[in-house]
2 protein chains.
Amino acid sequence: MSRIERIGGAPTLEQVAAAAGLSRATVSRVINGSPRVTAEAVAAVNAAVDELGYVPNRAARVLASRRTQSIALVIPENTARFFSDPYFASAVQGAAMGTARTDYTLTMLITSESDPDKTRRYLRGGNVDGALVISHHSDDRSYVELGDELPVVFGGRPVGEGAERAYYVDVDNEEVAGMAVRHLASRGRRRIASIAGPQTMAAGLDRHRGWRLAVQEAGLEHGPEAVGDFTPEGGAEAMRALLASGEPFDGLFAASAQMAHGALGVLRDRGVDVPGTIGAVTVDDDYFARNAAPPLTTVRQPTVALGGRMVDVLVARIEGSEVPRVTIMPIELVERGSG
Amino acid sequence: MSRIERIGGAPTLEQVAAAAGLSRATVSRVINGSPRVTAEAVAAVNAAVDELGYVPNRAARVLASRRTQSIALVIPENTARFFSDPYFASAVQGAAMGTARTDYTLTMLITSESDPDKTRRYLRGGNVDGALVISHHSDDRSYVELGDELPVVFGGRPVGEGAERAYYVDVDNEEVAGMAVRHLASRGRRRIASIAGPQTMAAGLDRHRGWRLAVQEAGLEHGPEAVGDFTPEGGAEAMRALLASGEPFDGLFAASAQMAHGALGVLRDRGVDVPGTIGAVTVDDDYFARNAAPPLTTVRQPTVALGGRMVDVLVARIEGSEVPRVTIMPIELVERGSG
DNA sequence: ATGAAAGCGCTAACAA
DNA sequence: TTGTTAGCGCTTTCAT
């Protein structure tokens with residue numbers, strides 16, 4: 001042992017080795033769970049580790065092994081309301097909890113507007129083993145191409161150039177709309193209107209298409225349609241447009257609970273009874289759905305689980321396992337008072 | 001240059017040095033902004049960096065400099081609803097954005113129930129330079145002691161053993177309540193009831209005390225009081241208790257918008273007019289405050305900024321600057337329809 | 001102002 | 001199974 005004993009600070013592998021009467025290599029093997037060690041060695045190392053309170057130095061490990069054991073969670077800053085959106089908040093929570101179950105570390109990366117390349121440089125600089133990108137409510141798809149440089153998993157199907165190669169976890173958004181429409185049909189609604197999400201985003205597009213198809217398949221009529229931006233204000237405005245169109249409808253599919261919440265406010269102001277006159281079904285079981293008046297019948301997507309699954313898929317890819325490029329999470333209808 | 005040129009992968013400092021015709025040491029100085037380099041050296045290095053697309057390897061840097069340039073965001077897992085609470089979501093957002101402005105990296109640490117020491121080990125293992133702990137809605141104060149081992153900054157004044165040494169960023173919660181009560185007084189309310197938060201938490205305690213004092217100082221009467229758990233359900237239950245007490249009141253201070261939201265639901269069910277019969281003021285300008293019926297007059301605390309300030313304070317401490325142990329953020333009254 | 005050289009603490013061939 | 005020995009890519013004295 002050529003080095004001087006460290007006075008303060010954390011104990012090193014070398015000190016553990018000395019205490020256990022073994023070499024650093026063997027201690028390293030034990031720490032990393034290698035099968036090529038004797039039970040005695042394991043016991044001796046564990047004893048020494050406990051005694052010294054040894055904790056491996058992450059940086060040294062990363063440097064030597066060339067694996068960072070950490071993953072990035074990329075959050076587009078232009079999604080200003082990111083955290084006030086329950087979908088994001090839940091997905092982030094799921095990702096964080098999912099990461100905690102592994103030996104990986106989750107680094108939050110908010111893309112900076114002042115220096116847009118900062119995030120990209122960080123990701124390409126070998127600082128992480130992979131990245132999670134939650135792009136549900138954003139049309140920022142500039143990270144799709146990153147998938148060629150390191151493992152990336154998207155939350156929500158990305159759209160645009162190269163998206164057909166991207167790994168993602170999502171729900172079947174056409175089926176989300178279908179489930180909603182069929183429920184309205186089963187309640188006797190005949191003319192179903194739609195408040196769609198942005199048509200630049202997969203969730204907006206697919207739910208809208210799902211509405212169109214399901215209405216057709218159920219032999220119903222298409223009511224008027226309007227596009228919102230997934231916010232309550234957008235939903236309110238869309239509802240005004242629906243009413244202004246003059247086309248009648250007795251059912252409404254709103255592509256997000258936030259929009260439905262805003263839409264219901266407009267209906268209440270105009271004295272339109274829900275579910276009496278119009279039955280409404282939406283997507284997302286969050287506080288907007290639960291606290292609307294009346295509470296919203298909705299298609300629930302498992303957002304926390306979705307975030308967790310993103311981690312599972314990413315870690316599998318990092319560690320070289322085969323995983324399907326697309327993971328679809330189950331959905332379910334939650335009946336409440338709105339339709 | 002003894003090493004073999006790397007075929008793929010990121011370029012190294014050594015390659016930059018070769019390209020710039022300088023030593024690694026000088027390149028390192030330039031990269032780290034040392035003043036002891038000539039302008040020519042800076043130019044040469046920058047050119048080489050741009051040409052090669054060089055990005056420093058974080059692990060190597062950490063290992064050599066013994067500074068990790070990363071901070072942890074500790075989130076108690078028992079705060080199950082963490083992310084669905086707008087206060088937390090905003091504070092986390094602020095912290096993430098604040099970190100993005102620095103050269104630090106933010107690592108999310110959800111404390112695992114299955115292995116409660118995992119977080120602690122990670123923090124003590126020299127993996128981060130400091131930690132942020134947001135404990136507003138939690139009485140988990142087991143991280144106070146961590147402050148003795150590495151720089152820690154709390155969001156919300158911690159309570160319990162050792163808390164008097166803790167660095168934290170918060171609002172003046174007594175003043176929060178005072179502002180609310182004085183507003184009610186100015187609107188002619190004479191008997192002010194209180195729905196308090198958990199008395200195990202600073203925000204709960206201080207706002208309750210603030211209510212008591214302010215009512216006294218304004219020469220008003222104390223109406224009935226009840227304790228909730230900061231959730232809408234807790235607020236609803238507390239309101240039922242207030243009404244059941246039989247004590248009259250024409251003003252209400254609810255210590256959180258979530259509780260106020262729940263309380264107003266009960267009043268609406270019982271046909272009590274707000275603000276006609278009872279004027280209500282609360283805290284937090286979030287979704288719950290804005291979407292209650294009627295919308296809530298509330299004391300706004302700058303949660304996003306608070307999260308950002310936590311980072312500022314922590315970084316200052318890490319880098320050895322003097323910072324006040326306590327940082328108080330400004331608050332303001334937002335008038336809406338409830339009182 | 002610059003360079004040479006010695007590590008930071010660990011992993012991973014390669015030998016034994 | 002264990003130990004020896006090179007580094008991983010960077011920072012940082014210490015000379016020059």
Side-chain angles (χ1 to χ4, degrees), chain A residues 1-45 48-49 52-69 103 125-127 129, chain B residues 1-45 48-49 52-69 103 125-127 129:
Chain A
M1 187 161 123
S2 60
R3 292 171 216 182
I4 295 165
E5 288 274 345
R6 301 171 74 196
I7 318 282
T12 68
L13 229 201
E14 176 139 12
Q15 290 173 32
V16 175
L22 291 161
S23 72
R24 291 188 322 195
T26 300
V27 174
S28 176
R29 289 185 189 105
V30 172
I31 303 265
N32 292 295
S34 160
R36 312 153 84 75
V37 281
T38 59
E40 297 87 73
V42 172
V45 170
V49 164
L52 299 174
Y54 170 75
V55 181
N57 178 306
R58 190 161 242 272
R61 209 172 200 174
V62 168
L63 191 56
S65 68
R66 302 154 140 297
R67 272 174 289 112
T68 70
Q69 292 286 61
D103 283 330
N127 295 304
D129 292 336
Chain B
M1 187 160 121
S2 60
R3 292 174 216 178
I4 295 167
E5 288 273 346
R6 299 170 76 197
I7 318 280
T12 67
L13 228 202
E14 177 139 11
Q15 290 171 31
V16 174
L22 291 161
S23 71
R24 292 188 317 192
T26 301
V27 175
S28 176
R29 289 185 187 103
V30 172
I31 302 266
N32 292 296
S34 160
R36 315 154 82 76
V37 280
T38 58
E40 298 87 73
V42 172
V45 169
V49 164
L52 298 174
Y54 171 75
V55 181
N57 178 305
R58 188 160 245 271
R61 207 172 201 173
V62 168
L63 190 56
S65 68
R66 302 152 140 299
R67 273 174 287 112
T68 70
Q69 293 286 63
D103 283 329
N127 295 304
D129 291 335

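Lettering follows sequence order; numbering is per chain, from 1.
- With distances taken from any side-chain atom of A/Ala60 to the nucleotides D/dT2, C/dC10, D/dC10, the minimum falls on C/dC10.
- OP1 and OP2 of C/dT2 both lie 4.0 Å or more from every side-chain N or O belonging to B/Ser23.
- Not one side-chain nitrogen or oxygen of B/Arg58 sits closer than 4.0 Å to the OP1 or OP2 atom of D/dT11.
- The side chain of B/Arg24 lies closest to C/dA5, out of C/dA5, C/dT11, C/dT2.
- Here the OG atom belonging to B/Ser28 is positioned 12.0 Å from the CG atom belonging to B/Leu22, to the nearest 0.5 angstrom.
- The CZ-P distance, from A/Arg29 to D/dT5, rounds to 14 Å in whole Å.
- Considering only side-chain N and O atoms, B/Arg67 lies under 4.0 angstrom from the phosphate OP1 or OP2 of D/dT12.
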Enumerate donor-acceptor pairs with a distance under 3.5 Å from any side-chain N or O in residues 34-43 of chain A to protein atoms, sequence neighbours excluded.
{"from": "A/Ser34", "atom 1": "OG", "to": "A/Arg36", "atom 2": "N", "distance (Å)": "3.1"}
{"from": "A/Thr38", "atom 1": "OG1", "to": "A/Ala41", "atom 2": "N", "distance (Å)": "3.2"}

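- Nearest-nucleotide mapping onto DNA chain D: of B/Ala59 and B/Ala25, the residue sitting toward the 5' end is B/Ala59.
- Between the C1' atom of C/dG7 and the CG atom of A/Leu13 lies a distance of 16 Å, rounded to the nearest Å.
- Of the candidate nucleotides C/dA4, C/dC8, D/dG3, D/dG3 has the atom lying nearest to any side-chain atom of A/Leu22.
- Rounded to whole Å, the distance from CG on A/Leu63 to C1' on C/dA12 is 13 Å.
- Put simply, A/Thr26 has a side-chain N or O that comes within less than 4.0 Å of OP1 or OP2 on D/dG3.
- A/Ala41 comes within 4.0 angstrom of sugar-phosphate atoms only, judged by non-hydrogen atoms across all strands, and of no base.
- In this structure, CG in B/Asn57 is found 6.0 Å from CG in A/Leu63, a value given to the nearest 0.5 Å.
- Within residues 30-39 of chain A, the residues that have a heavy atom under 4.0 Å from DNA chain D are, in order of number, A/Arg36, A/Val37, A/Thr38.
- The CD atom of A/Gln15 sits 11 Å away from the C1' atom of C/dG9 (whole-angstrom rounding).
- Look at CG on B/Asn127: it is 11 Å from P on C/dC10, rounded to the nearest Å.
- Across all non-hydrogen atoms, the minimal contact from B/Ala48 to B/Ala19 is CB-CB, 3.9 Å.
- In this model, the phosphate group of D/dC10 is not approached by any side-chain N or O of B/Arg66 to a distance below 4.0 Å at OP1 or OP2.
- Taking OH from A/Tyr54 and CG from A/Leu13, the interatomic distance works out to 3.5 Å, rounded to the nearest 0.5 Å.
- Checked against D/dT12, C/dC10, D/dC10, the side chain of B/Tyr54 finds its nearest nucleotide in D/dC10.
- Here the CG-CZ distance, from B/Asp103 to B/Arg61, works out to 7.5 Å after rounding to the nearest 0.5 Å.
- Separation of atoms CZ (B/Arg58) and OG1 (B/Thr68) is listed at 7.5 Å; rounding is to 0.5 Å.
- The overall bend of the helix from C/dA1-D/dT16 to C/dA16-D/dT1, read as the angle between its terminal helix axes built from five base pairs each, is 30° when rounded to 10 degrees.
- Rounded to a whole Å, the CD atom of B/Glu14 is 13 Å from the C1' atom of C/dG3.
- Rounded to whole Å, atom C1' of D/dG9 lies 6 Å from atom CG of B/Asn57.
- Contact check for A/Val62 versus A/Arg67: no side-chain heavy atoms found under the 4.5 Å cut-off.
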